[in-house]
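All values below were derived from every heavy atom in this structure, side-chain atoms included, with hydrogens, water molecules and symmetry-related copies excluded.
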Amino acid sequence: MRSDEIKKGYNRAPHRSLLRATGVKDEDFEKPFIGVANSFIEIIPGHFFLNKVAEIIKEEIRANGCVPFEFNTIGVDDGIAMGHNGMLYSLPSREIIASSIETVMNAHKLDAMIAIPNCDKIVPGMIMGALRVNVPTVFVSGGPMEKGYTQDGTPIDLATAFEAVGKHEAGEMTDEELFDIECNACPGGGSCSGMFTANSMNTLMEAMGIALPGNGTILALTPARTVLYKQAAKRVCEIAKMRQVEKEQFNLKNILNENAVRNAFAVDMAMGGSSNTVLHMLAIAKEADVDFNLADINAISKRVSHIAKISPSITTIHMEDINKAGGVSAVMHEMKKRGDNIPINNPTITGESIHERVAGCEILDTEIIHTIDNPYSEVGGLAILYGNLAEQGAVIKTAGITGDRVFTGTAVCFNSQDLAIEGILAGKVKAGNVVVIRYEGPKGGPGMQEMLSPTSLIMGMGLGDSVALITDGRFSGATRGASIGHVSPEAAEGGMIGLLKDGDEIHIDVDKYILEVRLGDEEIDRRKVDFKPLVKSLDNKWLKQYRALVTNASNGAILEAE
């Protein structure tokens with residue numbers, strides 16, 4: 001066993017002495033040591049109960065003949081960090097989480113791992129760290145939150161609350177109505193109930209085969225979720241006790257390979273997931289040593305029908321509805337009927353192949369999950385746009401578009417999210433404008449803030465169909481509308497988005513994958529001559545380190561030391 005390095009031989013007597021101090025018994029030194037990577041934190045709704053989840057998992061690990069060692073990562077709640085400089089720390093937290101997993105697992109030579117993520121950057125951070133360790137790893141997240149209801153019975157969620165602020169600002173909602181939404185949008189524990197970033201990543205773990213069926217859709221704090229926790233704990237022990245040659249086939253990189261990455265993007269397209277999944281899956285692909293880039297995404301999109309719309313793309317459908325309709329397995333089974341070798345057959349952590357896993361998983365409600373004969377769109381719910389405004393690409397969640405897929409408008413430029421919010425509230429944005437928010441990319445922010453506040457204001461003020469938004473920052477999974485993020489190169493590295501001026505004509509054609517400013521080459525060259533990117537003053541040591549090492553969004557915003 002890998003853990004023999006810390007527990008076998010006379011020269012490991014000091015190590016065993018320290019382990020005994022934690023409660024390890026004589027008989028335990030012959031058992032596999034399992035890392036239980038928890039992301040319990042009391043300020044995040046999807047995580048405040050994970051301490052109790054870990055107790056269930058550890059008890060099951062002991063019952064199955066292994067020794068659990070729980071450790072924790074940090075976490076940032078993007079909703080709470082939204083709209084102020086706390087959001088600068090959200091994406092950087094992914095790197096801390098990845099490094100903490102790598103550190104604890106390798107420092108203590110643990111044999112296998114069960115990871116308990118749920119929200120925001122925590123899921124991809126744990127996956128990235130686990131790939132660096134590359135031991136058998138089972139992921140089981142905390143589960144999605146129930147949807148909420150207003151007093152009149154209307155289904156609502158976190159996106160409703162953010163958009164309600166815009167409606168209140170526009171005078172279309174009373175204080176009492178806003179308070180009703182505030183009190184009921186998030187009714188209890190779990191990752192926010194729509195297909196936002198957390199639930200997008202939790203479903204993609206199923207698609208990649210690194211989590212058990214139901215991981216993305218079974219509600220948090222339910223008996224069914226408890227069963228899933230126990231199944232995951234039992235499975236990691238089954239693998240950890242295998243002979244070495246059998247165990248190695250379940251090392252994470254043997255499951256999360258190129259086919260798994262492609263399956264993740266395909267399911268993302270079919271379900272209209274968050275645009276943040278692009279950023280995270282690019283980073284995960286690099287950790288998995290998979291050669292995958294932005295240009296590959298449009299090719300996948302053309303082969304996948306968009307068959308499931310979930311909040312925020314459609315406000316009445318939430319993760320619990322998808323679960324009742326058959327879940328991710330039903331989506332993948334239906335995708336397979338189209339052909340095109342999507343999803344690709346690939347191994348899973350549970351031992352069966354992806355095709356075996358989803359065989360016979362028919363849709364149980366075709367009003368919730370559509371068939372391939374009745375898709376929302378013949379192509380997937382995400383697209384990568386290119387042009388002189390995004391030479392290295394930009395991302396749009398096509399599933400969330402509420403207006404036309406072709407848009408031409410005049411630029412209204414802001415050099416930060418805060419300035420954009422002020423401008424929108426002050427009435428500077430009118431129908432026919434393209435809001436440009438720059439210097440919010442990985443380097444420029446730094447930290448690549450999510451833009452849920454400005455996009456929600458635009459929607460809440462009734463401009464969602466008549467205004468587009470582009471940014472080198474990114475969006476919450478709760479964002480909808482013609483919102484284009486991840487523009488690369490970003491303004492801070494001299495990208496064209498930094499050269500734009502108010503009144504410039506910007507053209508967007510989603511179906512032709514175009515994002516461009518209609519300026520002549522001579523004018524662009526003239527602007528480049530005197531252009532010096534804005535460099536924001538920073539007093540924060542970690543953010544300075546992050547800015548010095550981070551790549552742009554088209555490269556997954558990973559840290560590169562060389």
Check against side chain to side chain contact (heavy atoms under 4.5 Å, CB included), T137 and I210: CA-CA 7 Å; T137 304; I210 62 175; over 6 Å; no
Are side-chain N/O atoms of D472 and H486 paired as donor and acceptor at under 3.5 Å? no
Looking only at atom types and distance, does a side-chain atom of S99 sit under 3.5 Å from a main-chain N or O of E95, one as donor and one as acceptor? yes
Distance-only, no hydrogens or angles: does the R94 side chain make a donor-acceptor pair with backbone N or O of G125 under 3.5 Å? no
Assess whether a salt bridge exists between R20 and D26, defined as any Lys/Arg side-chain N lying under 4.0 Å from an Asp/Glu carboxylate O. yes
To the closest 0.5 Å, what do you measure between CD1 (I344) and NZ (K336)? 12.5 Å
With a sphere of 6.0 Å drawn around CD of Q249, does it hold more than 12 non-hydrogen atoms of other residues, nucleotides or ligands? yes
About how many Å separate CZ of F292 and CG of L282, when rounded to the nearest 0.5 Å? 7.0 Å
Is the shortest heavy-atom distance from the side chain of N298 to the side chain of Y386 under 4.5 Å? yes
Between S193 and K147, which heavy-atom pair has the shortest distance, and what is it? OG-CA, 3.7 Å
For K253, does the NZ atom sit with more than 12 other heavy atoms under 6.0 Å from it, leaving out its own atoms? yes
Tell me whether N134 contacts the main-chain N or O of L131 through its side chain, where contact means a donor paired with an acceptor under 3.5 Å. no
Check side chain to side chain donor-acceptor pair (under 3.5 Å) between Q392 and all other residues, then give those that pass, not counting sequence neighbours. N552, S554
Side chain to side chain contact (heavy atoms under 4.5 Å, CB included) between L110 and V135, intermediate numbers included: CA-CA 9 Å; L110 303 178; V135 297; over 6 Å; no
Output, in order, the C-alpha distance, side-chain angles, deciding distance and verdict of salt bridge (charged side-chain N to carboxylate O under 4.0 Å, His left out) for R235 and E60. CA-CA 10 Å; R235 180 56 185 164; E60 192 69 17; over 6 Å; no
Between I384 and V395 the two heavy atoms that sit nearest each other are CD1-CG2, 3.7 Å
Under 3.5 Å, is there a donor-acceptor pair between the E490 and S488 side chains? no
Report the residues that fulfil side chain to side chain donor-acceptor pair (under 3.5 Å) with S377, sequence neighbours left out, ordered by chain and then residue number. none
Atom CG of N341 and atom CG of N263: how far apart are they, to the nearest 0.5 Å? 8.5 Å
So which atom in L382 and which in S275 form the shortest heavy-atom distance, rounded to 0.1 Å? CD2-CA, 3.9 Å
Please determine, by modelled atom types, if R12 and S17 share a side-chain donor-acceptor pair under 3.5 angstrom. no
Looking at side-chain heavy atoms only, is the closest gap between R16 and V24 below 4.5 Å? no
Should I396 and L385 count as side-chain neighbours, where that means a heavy-atom distance under 4.5 Å? yes
For the residue pair M82 and E450, establish whether any side-chain heavy-atom pair is separated by less than 4.5 Å. yes
Any chance the side chains of Y89 and N540 put a donor and an acceptor closer than 3.5 Å? yes
Do other residues, nucleotides or ligands put more than 12 heavy atoms under 6.0 Å from K337 NZ? yes
Assess, by modelled atom type and distance only, whether the side chains of R357 and S329 contain a donor and an acceptor separated by less than 3.5 Å. no
Between K247 and A240 (side chain of the first, backbone of the second, donor and acceptor by atom type, cut-off under 3.5 Å), is there such a pair? yes
Could you check whether any side-chain N or O of T366 sits under 3.5 Å from a backbone N or O of H370, counting only pairs where one atom can act as donor and the other as acceptor? no
Please say whether more than 12 non-hydrogen atoms of neighbouring residues, nucleotides or ligands are located less than 6.0 Å from NZ in K230. no
I'd like to know if the side chain of R2 pairs up with that of N106 as donor and acceptor (distance under 3.5 Å, no hydrogens or angles considered). yes
Could you tell me which non-hydrogen atom of E258 sits nearest to which non-hydrogen atom of V290, and how far apart they are? N-CG2, 3.5 Å
Can you tell me how far CZ of R225 sits from CD1 of I56, rounded to the nearest 0.5 angstrom? 11.5 Å
Please say whether more than 12 non-hydrogen atoms of neighbouring residues, nucleotides or ligands are located less than 6.0 Å from NZ in K52. no
May I ask you to decide if A557's main-chain N or O and N555's side chain share a donor-acceptor pair within less than 3.5 Å? no
Is the closest side-chain heavy-atom distance between D77 and P45 below 4.5 Å? yes
Step by step, would you call S311 with F196 a side chain to side chain contact (heavy atoms under 4.5 Å, CB included)? CA-CA 8 Å; S311 178; F196 312 147; 4.0 Å; yes
Flag the pair N251 / P136 as yes when at least one side-chain heavy-atom distance between them is below 4.5 Å, and no otherwise. yes
What closest approach, in Å, do A211 and F139 show between heavy atoms, and which atom pair accounts for it? CB-O, 3.3 Å
Minimum-distance pair of heavy atoms, taken over all atoms of A112 and V236: CB-CG2, 4.0 Å
Whether the side chain of T398 engages the backbone of G380 through a donor-acceptor N/O pair (distance < 3.5 Å, no angle test) should be reported. yes
Taking atom types as modelled and ignoring hydrogens, do the side chains of S200 and S274 form a donor-acceptor contact shorter than 3.5 angstrom? no
Pairing residues for E59 by the side-chain contact (heavy atoms from CB on, under 4.5 Å) criterion, not counting sequence neighbours: none
Just checking, is any N or O donor in the side chain of E70 or N51 under 3.5 Å from an acceptor N or O on the other one? no
Nearest 0.5 Å please: distance from the OG atom of S191 over to the CG atom of N118. 4.0 Å
Using side-chain heavy atoms (C-beta onward) and a distance below 4.5 Å, is R262 in contact with D296? yes
Looking at CD1 of I317 and CE of M195, how far apart are the two atoms once the value is rounded to the nearest 0.5 Å? 12.5 Å
Should we count CG of D291 as having more than 12 external heavy atoms under 6.0 Å? no
Count the heavy atoms of every other residue, nucleotide or ligand shown that sit under 6.0 Å from NE2 of H15, and state whether that count exceeds 12. yes
H47 and F40: aromatic ring centres closer than 6.0 Å? no
Would you call D4 and K109 a salt bridge, using N to O less than 4.0 angstrom? no
S3 versus K7, side-chain donor and acceptor atoms under 3.5 Å: yes
Report the C-alpha distance between I41 and L50 in whole Å, list the side-chain angles of each, state the deciding distance to 0.1 Å, and finish with yes or no for side chain to side chain contact (heavy atoms under 4.5 Å, CB included). CA-CA 8 Å; I41 180 171; L50 295 185; over 6 Å; no
Looking at N215 and N202, would you say the former's side chain and the latter's main chain have a donor-acceptor pair under 3.5 Å? yes
Checking the side chain of T203 only, and the main-chain atoms of N199 only, is there a donor and an acceptor separated by less than 3.5 Å? yes
If we ignore hydrogens and angles and just use 3.5 Å, is the side chain of Y229 paired with the main-chain N or O of G142 as donor and acceptor? yes
Is any side-chain N of the basic residue among K31 and D28 closer than 4.0 Å to the acidic one's carboxylate O? yes
Can you confirm whether K397 sits close enough to F475 that some side-chain heavy atom of one is under 4.5 Å from a side-chain heavy atom of the other? no
Should we count CD of E27 as having more than 12 external heavy atoms under 6.0 Å? yes
